Number of protein chains: 2
Amino acid sequence: MQRVTIAQVAERAGVSTATVSRVLSRRGQVSAAVERKVRRAADDLGYQVNVIARALRNSRTDTVGMVVPSITNPFFTSLVESVEHALGKEGKELFLCDARSDPQIEARRLASLAARNVDGIIVSPSHGVDSRPAVQQTADRLPLVQLDRFVDGTTTDWVGVDDVAAMRQVVDHLHDGGARSAAFIGSLMTHSSTEQRFAGFRRRAEELNIEVKPDQVLLGDYSVEWGEAAVARLIAEGGLPDALVCADDLIALGVTRACRAHGFAVPRQVQVTGYDDIEFSRLTEPALTTVHQPRDRIAAEAVRLLAAAGAKDAERGPHAHISLVPTLVVRDSTRAAQAPPDRI
Amino acid sequence: MQRVTIAQVAERAGVSTATVSRVLSRRGQVSAAVERKVRRAADDLGYQVNVIARALRNSRTDTVGMVVPSITNPFFTSLVESVEHALGKEGKELFLCDARSDPQIEARRLASLAARNVDGIIVSPSHGVDSRPAVQQTADRLPLVQLDRFVDGTTTDWVGVDDVAAMRQVVDHLHDGGARSAAFIGSLMTHSSTEQRFAGFRRRAEELNIEVKPDQVLLGDYSVEWGEAAVARLIAEGGLPDALVCADDLIALGVTRACRAHGFAVPRQVQVTGYDDIEFSRLTEPALTTVHQPRDRIAAEAVRLLAAAGAKDAERGPHAHISLVPTLVVRDSTRAAQAPPDRI
DNA sequence: CACCTCAATGCAATCGATTACAGCTGAGTT
DNA sequence: AACTCAGCTGTAATCGATTGCATTGAGGTG
């Protein structure tokens, strides 16, 4: 348990700790002979720097913290994977936290990451309003980038996709497949993702004259269960429209399943779309038409912004909002353009 | 960015840093009046302990590291969630790392966690053999518990399920459903999970006289893609047996999908079983019969062992192997006992 | 009143690595 | 021969919190 310290290496090499430090952190001038001696001694003893001590001394940890709403949501896990990969290239490590979709837990995680002196934080806020104080407070103390979702009215960097453009593609595609009425199933409008996606959906639906009944905009949470429940409610309240547009894939999976369970054929009688393109979206029956998020790009941009913020540090310049254009992935839960819709 | 230190609090309260520390960290003996003054000063300044400095001083970080083979495997993410929850109750935090199924990356992560002075490590090793040196080495330096999978020939604590007992239930159930021949589709025998599950499968299959052709034991990796590929290979090489027993749910999802794609009805013509009971296993068509792992129990036991190891510390007692009994979850990818099998 | 006990508090060392500053050495310069 | 300067290397301060030991003083005892 007792670890090898720089002092022990110094003693064995017959030099001072300063010299050892200079050799190992490859700064400063050291003669070749001494360098060899020190490296030899370090190897012999199996020396490893004590990251804690180093962090205390120069208040950098080469560590980035990330907070996501739910680690069980495959979209976030693959985003995490991308981020970790991008960070690896910079020699930084990731400290991952799960907020369990609770702004309170989220606030605690953010505080704890800050206390641990991470060099920066990447967060996908759990709530568009309630997450605000904690996010803003954290952003005031260290570099912070919001990913995918964002908090209303904070001034931080953000990277995500253009939800409005994506929804335009989705609605166009559904319209091509013959949809003349549609419902929207999302989480809450206090989530920027649902809010943006709904805005994009509604705007294009209006332009194309697709009917969206006010009571066919259903808001719950990002889960399979909610998707199932939403369909049950729609059916109970008068039946399904031509298309069901979901704010994420989990909801869409539940929606698809419920449609089939209630005897509605997808996509023959009702078309369904998701959002995110999680891996499982291609595995259900039918495979889901969805919006693919360029996760690696998002992650790379986030890491880049963080590095930049860490560098300039002193002067907080204007914040960047980077929105990437996602692509529609057409699978089997929607009708191809040429197929004549059943009802017409 | 400049943080409030204990010295500033001390000055404001008109006491020494020692007193402040005693007030804020421990129940050291401090008069009520002074305590009030100190707390007041700390609040006024918005003092927060510097976790790094504290960690350096008393080499405890109240942090546990966890390394999993793949963060995109839903089984592991829900395990992580359970572990984080269990740790939260002890006031500890989780530092999560993804090994990307690569023993080399895994070794780096373990080393880095150790360097960061985590109080203990929970690891589900990526490989039954190649992960050994890193795991053993890490276990020699600090408390370590293996979860679910384990490395051959290391002496550490371990928590997981009784794969042999689980497979016995699986095979019995398939036999009840009329299966008289079966294939096994897993990752590699160098993964303890596949090895144990296969052993349990084979033993019970022999006892029940279920035919298992040598070339119908297919080994690849834990992925949907491999499940699909395996089915293609089985079909190409002479057709499917009565049942396809998979070493995990991802494989089973791929297998189910491929069977249907190739025109085999599940479970009418071929029964399929998974292992882990990930959330998506109930969402496919048909919903998967699988083995449910008691994740919360596993996590709780792991955290308990870690705490115990951290406490005794000096005397490394004998290591505990805790195996919990999983339960079979019967869904629609297998036949109920009463339904007469098609082929008989 | 001298002496003792014990709670409250401060001083200063400590954890391990980094680094400003200073000292030393020897080659090069005048 | 005296002097400069660059290149190495060591000494000690530093990061911020904790804690063993010393000190103080109030209250108790004989």
Side-chain angles (χ1 to χ4, degrees), chain A residues 1-42 45-63 112 114-119 141-142, chain B residues 1-39 41-42 45-63 111-112 114-119 141-142:
Chain A
M1 231 56 141
Q2 78 300 328
R3 316 190 15 161
V4 184
T5 74
I6 209 171
Q8 294 169 41
V9 176
E11 192 186 10
R12 182 176 242 259
V15 298
S16 74
T17 60
T19 302
V20 175
S21 174
R22 278 190 274 257
V23 169
L24 297 179
S25 50
R26 64 194 162 287
R27 246 182 291 284
Q29 19 229 50
V30 179
S31 70
V34 171
E35 164 152 7
R36 226 173 304 125
K37 258 197 312 186
V38 171
R39 288 205 187 285
R40 178 73 168 284
L45 294 170
Y47 172 78
Q48 266 188 295
V49 288
N50 181 326
V51 187
I52 303 282
R54 170 181 288 172
L56 175 60
R57 176 58 216 234
N58 43 8
S59 51
R60 273 201 338 146
T61 52
D62 286 325
T63 296
S112 139
R116 282 199 158 62
N117 274 16
V118 293
D119 298 340
R141 308 203 324 106
L142 39 78
Chain B
M1 234 49 146
Q2 79 299 329
R3 318 189 16 160
V4 183
T5 73
I6 209 172
Q8 296 170 41
V9 176
E11 192 186 12
R12 182 176 241 260
V15 298
S16 74
T17 61
T19 302
V20 175
S21 174
R22 278 190 272 256
V23 169
L24 297 179
S25 54
R26 250 156 246 261
R27 59 286 154 197
Q29 4 230 57
V30 177
S31 70
V34 171
E35 165 152 7
R36 226 174 304 126
K37 260 196 312 186
V38 171
R39 289 205 185 285
L45 295 169
Y47 172 79
Q48 267 189 296
V49 287
N50 181 325
V51 187
I52 303 282
R54 171 181 287 174
L56 175 61
R57 176 57 217 233
N58 43 5
S59 50
R60 275 200 339 144
T61 53
D62 286 325
T63 296
S112 140
R116 283 199 157 63
N117 274 16
V118 293
D119 298 340
R141 306 199 331 102
L142 39 78

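Proteins come first, then strands; the chains are lettered A, B, ... in the order of their sequence lines, and each starts at number 1. In this text, all values refer to a predicted model and were calculated from it rather than measured experimentally.
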Checklist entry - Heavy atoms, side chains only, cut-off 4.5 Å: are B/Val4 and B/Val9 in contact? => result yes
Next on the checklist: Please determine whether a side-chain nitrogen or oxygen atom of A/Arg57 lies at a distance below 4.0 Å from atom OP1 or OP2 of D/dT14.
Outcome noted: no
Checklist entry - Tell me: CD of A/Glu11 to C1' of D/dT11, nearest whole Å? => result 17 Å
Item to check | Euclidean distance, atom CG of residue A/Asn58 to atom C1' of D/dA13 [Å, nearest integer] | outcome: 15 Å
Item to check | Atom pair distance, as rounded to whole Å: CG in B/Leu56 and P in D/dG16 | outcome: 12 Å
Checklist entry - In terms of side-chain heavy atoms of B/Gln29, which of C/dT18, D/dA17, C/dA8 is nearest? => result C/dA8
Next on the checklist: Measuring to OP1 and OP2 of C/dG16, would you say a side-chain N or O of A/Tyr47 lies under 4.0 angstrom away?
Outcome noted: no
Checklist entry - Quick one: is B/Ser31 getting a side-chain N or O under 4.0 Å of the C/dT9 phosphate, OP1 or OP2? => result yes
Checklist entry - When you measure from the side chain of B/Asp119 to the backbone N and O of B/Asp62, does any donor-acceptor pair fall under 3.5 Å? => result yes
Checklist outcome for this item: Rounded to whole Å, the CD-P distance (B/Gln8 to D/dC15) equals 11 Å
Next on the checklist: Mind checking if A/Val15 touches a base, just sugar-phosphate, or nothing, with heavy atoms under 4.0 Å?
Outcome noted: sugar-phosphate
Item to check | Side chain of B/Asn50 (C-beta onward), nearest among C/dA17, C/dA12, D/dA17 | outcome: D/dA17
Checklist entry - For B/Ser59 and C/dC15, is the shortest distance between a side-chain N/O and OP1 or OP2 below 4.0 Å? => result no
Checklist entry - Between the side chain of B/Ser25 and the main-chain N/O of B/Ser21, is any donor-acceptor distance below 3.5 Å? => result yes
Checklist entry - When the nearest nucleotide of DNA chain C is assigned to B/Val34 and to A/Ala18 on a heavy-atom basis, which residue is associated with the more 5' position? => result B/Val34
Checklist entry - Going by heavy atoms in the side chains, are B/Val49 and B/Leu24 under 4.5 Å from each other? => result no
Next on the checklist: How about CD on B/Glu11, more than 12 heavy atoms from neighbouring residues, nucleotides or ligands closer than 6.0 Å, or not?
Outcome noted: no
Item to check | Residue whose nearest DNA chain D nucleotide is more 5′ - A/Thr17 or B/Ile52 | outcome: A/Thr17
Checklist outcome for this item: Ranking C/dT9, D/dG16, D/dT18 by distance to the side chain of B/Thr19, first place goes to C/dT9
Next on the checklist: Measuring to OP1 and OP2 of C/dG16, would you say a side-chain N or O of A/Thr5 lies under 4.0 angstrom away?
Outcome noted: no
Checklist outcome for this item: In short, A/Thr17 meets A/Ala7 closest at the heavy-atom pair CG2-CA, 3.8 Å
Item to check | B/Thr63 side-chain N/O to B/Thr61 backbone N/O, donor-acceptor pair under 3.5 Å | outcome: yes
Item to check | d(CG, B/Leu24; P, D/dT19) in whole Å | outcome: 13 Å
Item to check | Considering all heavy atoms, the nearest B/Lys37-B/Val15 contact | outcome: NZ-CG1, 4.4 Å
Item to check | Among C/dA12, C/dT19, C/dG10, the nucleotide that comes nearest once only the side chain of A/Ser21 is considered | outcome: C/dT19
Item to check | Rounded distance (Å) that lies between atom P of D/dC15 and atom CG of A/Asn117 | outcome: 14 Å
Checklist entry - Rounded to the nearest Å, what distance is computed from the CZ atom of residue A/Arg60 to the P atom of nucleotide C/dG16? => result 21 Å
Next on the checklist: Using whole Å, what does the distance between atom P of nucleotide C/dT18 and atom CZ of A/Arg22 come to?
Outcome noted: 11 Å
Please enumerate all protein N or O atoms sitting under 3.5 Å from an N or O of nucleotides 22-26 of chain D, with distances to 0.1 Å.
none

